Each structure stands twice: as C-alpha cells, then as structure tokens.
Protein chains: 2
Amino acid sequence: MATSTPNDNLGSESPVPEVVIQRLPLYVRVLSQFSSSGNDLISSEQLGAHLQMTPAQIRKDLSYFGRFGKQGRGYDVAMLEGELRSIMGLNRTWNAAVIGMGRLGRAVVAYPGFAPEGFNIIAAFDASAEIVGQTISGLAVQSISQLTDTVKNLDIKIGIVTVPIDHAQKVIDALVKAGIKSILNYAPLSPQVPEGVTIRGIDPVLSLQSMTYYIR
Amino acid sequence: MATSTPNDNLGSESPVPEVVIQRLPLYVRVLSQFSSSGNDLISSEQLGAHLQMTPAQIRKDLSYFGRFGKQGRGYDVAMLEGELRSIMGLNRTWNAAVIGMGRLGRAVVAYPGFAPEGFNIIAAFDASAEIVGQTISGLAVQSISQLTDTVKNLDIKIGIVTVPIDHAQKVIDALVKAGIKSILNYAPLSPQVPEGVTIRGIDPVLSLQSMTYYIR
DNA sequence: CAGTCTTTGTGATACAAAGCACACACGCAC
DNA sequence: GTGCGTGTGTGCTTTGTATCACAAAGACTG
C-alpha cells in the first residue's frame with residue numbers, strides 16, 4: 001500500500017534507494033532460515049534463487065553498505081545477517097504502542113510474531129471510555145489523551161494504528177505530534193504525513209484488489 | 001513484501017507497468033471517499049493531494065486505459081470510479097478460500113472488510129484432524145485433501161494462506177496445482193511461485209523492519 | 001606455486017518510471 | 001460566437017533502478 005519515507009538527502013548521509021532498504025529485511029530473513037538449516041556460506045546466486053531475484057541485484061544492494069563477501073566463496077551467513085541487522089537497526093529492541101483496541105488492535109497485541117524480532121508492544125490506547133482501564137494481553141489500556149506523555153516516558157518509537165478509518169488521520173496526526181517517526185497503519189486510507197515520518201500500510205483488501213486485474 | 005506477477009507480455013495485451021496496477025485501487029478508494037462526501041468532480045491535482053503524488057503521474061497512469069477526463073473540468077468521480085473498477089475486475093465478486101484455521105485464519109475469516117469489497121471467503125481448510133469438521137464463522141472447515149475439488153466446485157479464484165511458516169510453501173504449491181492464480185500470503189517467508197501466478201504478502205514485521213533503518 | 005575455477009564488486013549500459021511543459025479541448029461569460 | 005481560464009492528455013526529458021559483463025580476489029588441485 002501507500003508508503004511515504006524521508007527522501008533522505010539530508011546532508012550527505014545515505015543515498016541508498018528506498019527499494020533497497022525494503023529488500024534488506026528479506027535478505028535477513030532468508031539468511032536466518034539458511035543458517036538454521038546448517039549452512040554457513042551462501043552465494044548471491046543461492047540467495048537470489050530463494051528470493052526469485054537476480055544475483056547481480058543482490059550484490060548491488062549489498063555494495064551500498066560495504067564488501068561483505070569473499071570472491072570464490074560467497075558470504076558468511078551469520079556474519080552477513082549480523083551486518084544487515086546492524087545496518088537496519090535490528091540488533092536492538094524497539095518499543096511500540098498500539099492505538100485502537102477493537103477487534104484488530106486486540107489481534108495485533110496478541111500476535112506472537114513481533115517480540116521475537118525485537119518489537120515490543122508496551123502500551124495500548126483507545127478513545128472509548130469503556131475500554132480505557134481494561135487490561136488486554138497484559139497491557140493496561142490508556143486514554144488517547146495520555147499518548148504524548150506515555151510515548152515520551154516509555155521511549156516509544158513506533159506507533160501502530162488500528163482505529164476505525166474515520167479516526168485514523170486524527171490518530172496519525174497525534175502520533176506525529178508526539179514525535180513518532182515510524183507508523184504502521186492498518187486503517188484503509190491514504191494517510192497524510194509530513195516529511196521525515198515513515199508510514200507503511202497493511203491492507204489485505206488493497207493487495208487483493210491489485211491481483212484481480214491479472215485474472216479478470 | 002515480495003510480490004511476483006505475470007510479466008504480462010502475453011500476446012500484445014497490456015504493457016501496463018505493475019506499479020500502475022498497484023496504484024489503481026488507491027485511486028478507487030479515494031474516489032469512493034470523495035463521492036460520498038458529496039463531490040462529483042475531481043481534478044488530478046486534488047487526487048494527487050489526497051495520495052501525496054503528483055497530478056502528472058495520475059494522469060499518466062489513467063492514460064494507459066483511456067481518456068476519462070474533460071479538459072478544463074477534471075474527472076467525473078462516479079464515472080472514473082466505475083471505469084477503474086471495471087478495469088481492475090472489481091465490479092463483480094470473487095470467491096476465496098482460507099487455508100490454515102489457527103489464530104490468524106480465524107481472524108481473517110472474521111474480518112468484516114473483505115465482503116463489502118466483493119471478496120467472499122466461502123471455504124476454509126486446515127490440516128489438523130481436530131479442527132477439520134468444526135464450523136468457524138459459518139464455514140465448515142475442510143481437510144486440505146479436498147482443496148482441489150472444492151476450488152473447482154465452488155469456483156474459487158483466490159487463496160489466502162494463513163498456515164504456519166513450515167507448511168506455507170506446501171500449501172502454496174497445492175493452491176497452484178489446484179489452478180489458483182492469485183494468492184494472498186500471511187506466512188513470513190519468501191514463497192516460490194511459477195510465472196503466471198500472482199502472490200502478495202502481508203507481513204507487518206517486514207514493514208516494521210524496513211522502517212527502523214530511518215530512525216536508527 | 002602455476003593454473004583453473006568460482007564468485008564477488010562494480011563501472012557501463014539498458015530499461016523503466018516519474019516529472020515537466022505545452023498544445024489542445026472544453027466550459028463559461030458577455 | 002469570441003475570448004479567457006482551467007485542467008486534461010501526452011511527447012520529451014530527467015531521474016531512478018536493474019542488468020550485464022568483466023576484472024580482480026580468493027580457494028582448491030596436483
């Protein structure tokens with residue numbers, strides 16, 4: 001779905017294309033699979049086969065960040081995974097907050113896939129007075145009015161938006177105002193965010209809609 | 001996440017770039033919002049403002065399919081939405097099956113967002129003998145061995161994969177073998193699919209991982 | 001340790017997508 | 001019906017991304 005990200009030409013930092021950044025987590029994933037299946041060396045060819053992309057593209061992508069391979073042998077799986085995690089900021093944990101504790105929000109806080117990857121949901125918010133105060137999956141649901149304070153106090157860096165569509169933009173604005181720079185949006189709208197804030201949308205309907213074209 | 005799609009140079013049909021196809025549902029969404037807020041004319045400028053993209057790109061995208069606007073006025077909202085829906089194959093309903101009736105599969109079949117957009121989940125499958133036979137959200141869970149038959153009998157065109165990662169590739173292969181050409185994959189792996197099959201992944205972790213780079 | 005084989009890293013090249021800018025179509029006013 | 005304002009559709013240019021292809025680096029072989 002729609003994504004927006006810093007163009008990142010601030011100063012002279014990374015001129016690394018956004019697409020490349022989006023592929024790195026894929027590499028990390030394949031590498032971790034690969035290493036747990038006993039291999040400790042991998043070639044760009046093998047990596048490419050797993051991801052259905054060309055070896056050249058993988059080498060190009062990696063070359064934005066350094067020289068991690070050895071000619072004639074390939075890449076040390078564990079080492080490359082570590083390097084990529086470090087580049088991406090994945091060798092640490094990140095605190096996240098979920099806003100919207102309806103059906104979807106409950107599913108998100110209960111989802112067991114975040115924590116193992118270092119994403120800890122440590123706060124939950126809702127607008128409804130009936131839900132505020134409840135404990136859901138071990139989280140005490142707070143009022144949205146406490147958002148800014150809690151974000152500051154708990155060092156929350158990521159906001160996950162699971163409110164109904166008609167509240168979504170307001171909530172996103174509030175997150176931005178609270179200083180959040182990374183937002184994961186489950187609401188089916190095209191959100192407006194200022195430059196410098198990255199937002200990614202999760203929207204299965206949009207994915208389905210873009211597939212029917214090919215089977216029409 | 002990883003997507004794969006027909007390169008679509010079959011015969012001499014549409015040389016329409018994949019990215020364009022992925023944007024059309026966004027246009028449809030904004031148009032439907034816009035019309036329900038009383039407007040019946042929209043310019044590429046306004047559309048662009050909503051989606052944070054340039055007017056020129058929108059006009060270019062639309063020009064792949066025809067000339068829908070009127071100079072000096074813009075686009076008739078309802079008409080354009082209708083045209084786009086027709087182009088995308090969204091002016092009909094599509095039958096879908098969910099494979100994997102664990103936590104995630106249950107959430108998917110219970111999700112109320114699919115049906116209003118014409119995606120009807122009319123079959124559910126699972127490998128576990130305990131789950132097969134249960135009725136979940138009104139669907140009688142079937143054994144995966146019945147997949148091919150049911151797909152044929154019920155005219156199912158879309159497969160939604162919600163099985164654990166270590167079964168996902170097998171299930172995807174089974175769907176492909178059953179003739180499914182559109183797959184929505186919730187399992188966190190990079191699936192292998194033959195050409196001619198479109199697969200889209202829903203993976204919040206991947207989205208989070210590609211955001212941390214910018215706030216590292 | 002020379003020769004061969006493999007696989008990287010990367011400049012050069014080809015391809016694809018986005019943006020610009022303007023001619024032209026349409027609507028409206030007078 | 002002439003003239004003006006607005007916004008489309010699109011050829012051309014610019015920007016961005018992927019691929020090619022090859023030199024150089026390491027490993028292994030006898």
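Quick caveat: nothing in here was measured; it's all calculated off a predicted structure. Below, read A as the first sequence line, B as the second, and so on, with proteins coming before strands; counting in each chain starts at 1.
With A:I183 as reference, A:V176 is the one residue of A:V171, A:T198, A:I99, A:V176 to meet the side-chain contact (heavy atoms from CB on, under 4.5 Å) rule.
As rounded to whole Å, 13 Å separates atom C1' of D:dT8 from atom CD1 of B:I58. Separating the CE atom of B:M53 from the C1' atom of C:dC20 is a distance of 16 Å, rounded to the nearest angstrom. Rounded to whole Å, atom C1' of D:dT8 lies 12 Å from atom CG of B:L41. B:Q46 has its CD atom 14 Å from the P atom of D:dT6, to the nearest Å. C:dA17 atom P lies 11 Å from atom CD of B:Q22, rounded to whole Å. The CD-P distance, from A:Q57 to C:dA14, rounds to 19 Å in whole Å. The distance between atom CG of B:L51 and atom P of C:dA18, rounded to the nearest whole Å, is 13 Å. Regarding A:E18, its CD atom lies at a distance of 12 Å from the P atom of D:dA18, rounded to whole Å.
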Checking side-chain hydrogen bond (donor to acceptor under 3.5 Å, both in side chains) for the pair A:Q169/A:Q192: CA distance, chi angles, key distance, verdict?
-> CA-CA 7 Å; A:Q169 186 61 54; A:Q192 311 273 138; over 6 Å; no
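Put simply, the side chain of A:I158 does not reach to within 4.5 Å of the side chain of A:F114, judged on heavy atoms.
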Output a table of nitrogen or oxygen pairs between the protein and nucleotides 4-11 of chain C separated by less than 3.5 Å.
residue, atom, partner, partner atom, Å
C:dT6, O2, A:G72, N, 3.4
C:dT7, O4', A:G72, N, 3.0
C:dT7, O2, A:G72, N, 3.3
C:dT8, OP1, A:S44, N, 2.7
C:dT8, OP2, A:S44, OG, 2.6
C:dG9, OP1, A:F68, N, 3.0
C:dG9, OP1, A:G69, N, 2.8
C:dG9, OP2, A:Y75, OH, 2.7
C:dG9, O3', A:R67, NH1, 3.3
C:dG9, N7, A:R59, NE, 2.7
C:dG9, O6, A:R59, NH2, 3.0
C:dT10, OP1, A:R67, NH1, 3.1

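Using a cutoff of 4.0 Å between basic side-chain nitrogens and carboxylate oxygens, B:R85 and B:E117 are scored as salt-bridged.
Residue contacts for A:V19: at a heavy-atom cut-off of 4.0 Å it reaches the sugar-phosphate backbone alone, with no base atom in range.
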Please table the atom pairs, donor to acceptor, closer than 3.5 Å between any side-chain atom in residues 101-113 of chain A and protein atoms at least two apart or in another chain.
residue, atom, partner, partner atom, Å
A:R106, NE, A:M101, O, 2.9
A:R106, NH2, A:M101, O, 3.4

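Of the possible polar contacts, none joining the A:R73 side chain to the A:K70 backbone as a donor-acceptor pair under 3.5 Å is found.
Within the structure, a side-chain polar atom (N or O) of B:T54 is placed less than 4.0 Å from OP1 or OP2 of C:dG19.
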